[in-house]
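Read through the structure below, which is laid out as C-alpha cells, and then see the notes.
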Amino acid sequence: MTDFAISVKNLVKIFDNEVTAVDNLNLDVKKGEIYGFLGPNGAGKTTSINIFSGLLQPTSGEVIVGGFDVIKNPEKIKEIIGVCPQEPSLFGYLTGRQNIEFFGNLHCIPKEKIRERTEFLLKKLNFNGEGDRRVKNYSGGMVRRINVAVALINDPDIVFLDEPTVGMDPQSRRAVWEFIQDLKKKNKTVILTTHYIEEAEQLCERVGIIDHGKIIELGNPDELKQKYKAKTLEDVFIKITGRKIREEI
Amino acid sequence: MKIQRIKAIILKEFSRMLKDPAMLFMIIIFPIVLTLAFGFSFGQIGSNGESVYEVTVINGDIEGNFPEWSEHFISNLSKNEALEIHVGDDLETAESDLLEGKISAVIYIPIKFGDAIQSYWQYPLDSSQWENVTVDISYDSGSMIASQLLPSLFQQALFDTIYGENTQEISLPIILGSELVKSDQKTTFDYFAPGLFAFASIFLTMTIAQGITDEKEKGVLKRMYLTPIKSEEIMIGLTIANVTTAIIQTAVVFLMAFIMGYRPEGGILFAFLLVTIFSLSCIGFGLITGALSKNAGMAAGISFIFIIPQMFLGTFVSQGPPTIINKLVPSHYVTDALTSLLLRGAPVSSEAVLLDLGILMIYSIVIFIIGVFAFKKISKDL
Ligand SMILES: Nc1ncnc2c1ncn2[C@@H]1O[C@H](COP(=O)(O)OP(=O)(O)OP(=O)(O)O)[C@@H](O)[C@H]1O
Ligand SMILES: [Mg+2]
C-alpha cells in the first residue's frame, strides 16, 4: 500500500487508432488531497477520469486507485469512488431525491443511512422542497447539483468531479466548493477537472495543467503563479502554451 | 448478487412505465382499448347477449299456386332469434339497403317456389319430375360474419320448411350430428380473445428497447456501472419488472373481456403461465433491440421488425390454419395453446397444448438468452 490515492504510470489512451486523448500521463495524487486537472477543451481530462473510474480501458500504462489496479480490480475500485460525470446523468422521470436514493441502493447502503445522507446532501446543495420534483422539470443548475449529490451518496474515499460546477449560479457554485472543502476535512481525495481558473485556484492544493493529453505543468497554484510571474493560472497557461485555456464566459 | 440492487432496478422500471404517458399508453391503455374495441365489435356486449342480423325477404311467389310454402319458409326464418326478418316488396330497395349496410342479407324467393316443394313431395324419389328453382341470396360483402354465418341459418330454415321442424321424423340412415351455429354460443370475440391475451406483451419489446436506449443516451446506464452493480442484477430486475407487467397486462385484458361477457372454457391459470413464458421472448427481443439501437427513434423502428411479425403472424390478426411462416414466430405458439385451452376447452395435459408449450419455451429461452448476451455486450463498451 502506498500513501497515494491514485497513482498513474505512462498512461496512454488512443481512440480508434488515431486520436491520442491521453499521451503518456504520469500522476500521483496523495490521500486527502484536492487535485485539479486544468486544461482546454479536448485536453483529455474526461478521458483520464473515465479510465481512473474504470469506465474506459487504457491503451497502455498502469493506473492504481485506492490501492487497486483499474484493469485487474475494477469492482473493488467502484466501492470506494464517487463519480460526477461531466454530462449530468440522471433519470428524468425520478425526483432528485429518488435519483440519489437509487444510486445509494446500487451501492447497497443501508436504507436508513441512504435516507439520512440524501437529506443531508439535498440540504447542503440548497434544495428545499425541490428535491421532490422530477428531474426533467429542473433547471440546468439544479440538475448539476443533483448530479454532484449522486456522486457523493456512498460517502466515497475518492471523488472524481468532472466539471461539477459548469452552468451553476454563483451561490450553487459556492455551495459545491464548500462541500469539496468539507470533503478535504474528512480526508477524502478529490480529483477535480475544471476550466474555471478561480475554481482551481481556490480549491486545489495541486493543479496539473493538461494539454493534448500531457501534463505540461504541475504544482500548487500559488507556486505556479510565482514561478511564471503570473497573476492567474490562466496567465500561467498562456505563458506555457501561448494559448488561452478557455474563452471568457 | 444483491437483493437491494435488484429491488432498486425493479422499482425504477415501474417508475419509468408509470410516469411516462407514452409508455403507460403502450402498456396498459392500448390493450384495454383494444379489448374494448374487439368486445364491442365482435362480442356480445352492446347486443344484449346475442347478435341479430337483419334480413329482407322478397316473396316472388306470393301469387303463385302454393303461396303457403313461401310463407311457411318466411315464418321459419323468423323463428330464428339471430335473424330479424322484414318482408319487402321491392328488390331494388332491398339491394340498396344491403349496399348501405342497413341489412345483412336479401333473400329472393322466386316464383314457383311453392310448386318446387309441392313437386318434391309428389315425387320424392323421382327427381326428373321436380320443378327446380333457385332462391337468390345476396349477403353484405362488408361483413365476414354475415356471409359465413347466415347461409347455414337459411339452410336450416329451408330444411325445416320442406321436412318439418323435427328433422328426425324423416328416416334417413345418416343424420348430421353437428349443431348448427346458434347465436348464444361462441361469438367472434371468443375466437379473437386468445390472440388478444398474447397481444399486449408483444409491445414490451418496444418499451424495453426504448428504456434501454434512453438510459444509454442519458448516460445513466454508464453511471450505474460506476457503482458495483453487475449486469446480471440489472437484467434480473428488468426481467422481473417486465414479466410482472406482462402478467398485469394479461389480467387487465382478461378482466375487461370478462366484464364484457367473455367466458373461456377453462385453463386460465395455465394461460397466465403461457403468457409469462412468452413475455420472456418479448423481453429478449427488447434487449436485442435496445443493444442495437443508438436512440429512441431507432429503438422504435427496430422493435417493429420484431413486433409486426409477432402481431400479424401469431395473434388474433392471424386466423385460419397456420402456415410455415406463422410457425416461425413465438406468439403463434402462445395463441395456439391459448386457443386450445380457452376456446376449445382442451385440458392442459393435451398433446396440442404441451407441444405448443414446449416449442414456446425453447423459443422464449433462446431469444431471452440472446438478449441477455446482447445487453452484456453493450454494457462492456458504453
Ligand atoms: N469515445 C471517443 N472516441 C473517439 N475520440 C474520443 C472519444 N472520447 C474522447 N475523444 C477524444 O479525446 C480527446 C480528449 O477528449 P476529452 O473528452 O477527454 O477532453 P476534455 O479535456 O474532457 O475536454 P472538455 O473540456 O471539452 O471536457 C478529444 O480529442 C476527443 O475528441
Ligand atoms: Mg471533459
Side-chain angles (χ1 to χ4, degrees), chain A residues 15-16 46 49-50 52-57 65 68 70 73-95 98-111 113-114 133-137 143 146-147 150-151 153-154 156 158-160 162, chain B residues 1-27 207-208 210-238 240-241 245 295-296 376-382:
Chain A
F15 284 111
D16 315 319
T46 299
I49 289 211
N50 284 345
F52 301 165
S53 57
L55 267 185
L56 267 182
Q57 292 288 311
V65 175
F68 301 107
V70 283
N73 259 327
E75 302 311 315
K76 290 279 180 207
I77 293 176
K78 286 173 182 178
E79 285 170 15
I80 54 164
I81 61 168
V83 184
C84 174
Q86 184 171 4
E87 291 300 324
S89 308
L90 301 168
F91 296 96
Y93 51 82
L94 298 182
T95 65
Q98 287 169 336
N99 267 284
I100 304 171
E101 291 182 343
F102 173 77
F103 284 97
N105 279 315
L106 297 197
H107 281 287
C108 285
I109 303 164
K111 289 273 174 214
K113 219 165 156 205
I114 293 180
R133 277 169 49 202
R134 282 199 239 162
V135 165
K136 69 171 183 185
N137 300 326
V143 170
I146 295 292
N147 197 37
V150 168
I153 180 64
N154 58 330
I158 302 171
V159 189
F160 298 99
D162 197 353
Chain B
M1 194 83 58
K2 290 273 168 55
I3 303 290
Q4 188 175 354
R5 290 194 194 122
I6 294 172
K7 232 171 96 184
I9 298 287
I10 295 172
L11 290 178
K12 182 249 336 171
E13 278 294 299
F14 281 131
S15 299
R16 178 173 69 83
M17 295 177 208
L18 292 175
K19 289 182 186 163
D20 182 345
M23 293 271 174
L24 204 58
F25 176 82
M26 267 295 166
I27 290 169
T207 56
I208 289 173
Q210 285 188 323
I212 292 174
T213 45
D214 186 52
E215 289 181 1
K216 280 204 285 189
E217 277 186 294
K218 298 246 164 69
V220 281
L221 192 56
K222 211 192 246 180
R223 192 169 207 173
M224 285 195 249
Y225 283 116
L226 284 169
T227 74
I229 198 165
K230 308 262 187 317
S231 71
E232 290 78 17
E233 289 164 328
I234 298 180
M235 210 84 289
I236 292 170
L238 190 136
I240 292 176
T245 307
N295 53 54
K376 275 194 104 141
K377 176 89 185 33
I378 60 148
S379 305
K380 285 224 171 66
D381 35 42
L382 275 168

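Labels below follow one simple rule: chain letters A, B, ... track the order of the sequence lines, proteins then strands, and each chain is numbered from 1.
- Counting heavy atoms of neighbouring residues, nucleotides and ligands inside a 6.0 Å radius, atom CD1 of B:Ile3 does not exceed 12 of them.
- Contacts of B:Ile9 with chain A are made by both backbone and side-chain atoms, with heavy-atom separations under 4.5 Å.
- Nearest heavy atom pair, residue A:Arg134 against residue B:Lys19, reads NH1-O, 3.5 Å.
- The contact between A:Ile114 and chain B is made entirely by side chain atoms (from C-beta outward), counting heavy-atom distances below 4.5 Å.
- Ranked by non-hydrogen atom pairs under 4.5 Å with chain A, the options B:Glu217, B:Arg16, B:Lys2, B:Lys230 are led by B:Arg16.
- Only the backbone of A:Pro88 comes within contact range of chain B, with at least one heavy atom under 4.5 Å from a heavy atom of that chain.
- In terms of non-hydrogen atom pairs under 4.5 Å with chain B, the most contact-rich of A:Glu75, A:His107, A:Lys136 is A:His107.
- Rounding to the nearest 0.5 angstrom, the gap separating the OH atom in A:Tyr93 from the CE atom in B:Met23 is 8.5 Å.
- Atom CG of A:Asn105 sits about 12.0 Å away from atom CD1 of B:Ile6, to the nearest 0.5 Å.
- With rounding to the nearest 0.5 angstrom, the CZ atom of A:Phe91 is 5.0 Å from the NZ atom of B:Lys12.
- The backbone N or O of B:Tyr225 sits less than 3.5 Å from a side-chain atom of A:Lys78, completing a donor-acceptor pair.
- Between chain A and the residues B:Lys7, B:Glu233, B:Lys218, the largest count of heavy-atom pairs under 4.5 Å involves B:Lys218.
- Per-residue heavy-atom pair counts under 4.5 Å with chain B were compared for A:Ile81, A:Ile77, A:Val150, and the maximum is reached by A:Val150.
- Summarising the geometry of A:Leu106 relative to B:Pro228, their closest heavy-atom pair is O-CD, 4.0 Å, with the distance given to 0.1 Å.
- Neither the backbone nor the side chain of A:Glu87 comes within contact range of chain B; no heavy atoms are under 4.5 Å apart.
- Proximity to chain B (any heavy atom under 4.5 Å) is shown, for A:Glu101, by neither the backbone nor the side chain.
- Rounded to the nearest 0.5 angstrom, A:Lys111 NZ and B:Gln4 CD are separated by 5.0 Å.
- A cation-pi contact, defined as under 6.0 Å to the ring centre and within 45° of the axis, links B:Arg223 to A:Phe103.
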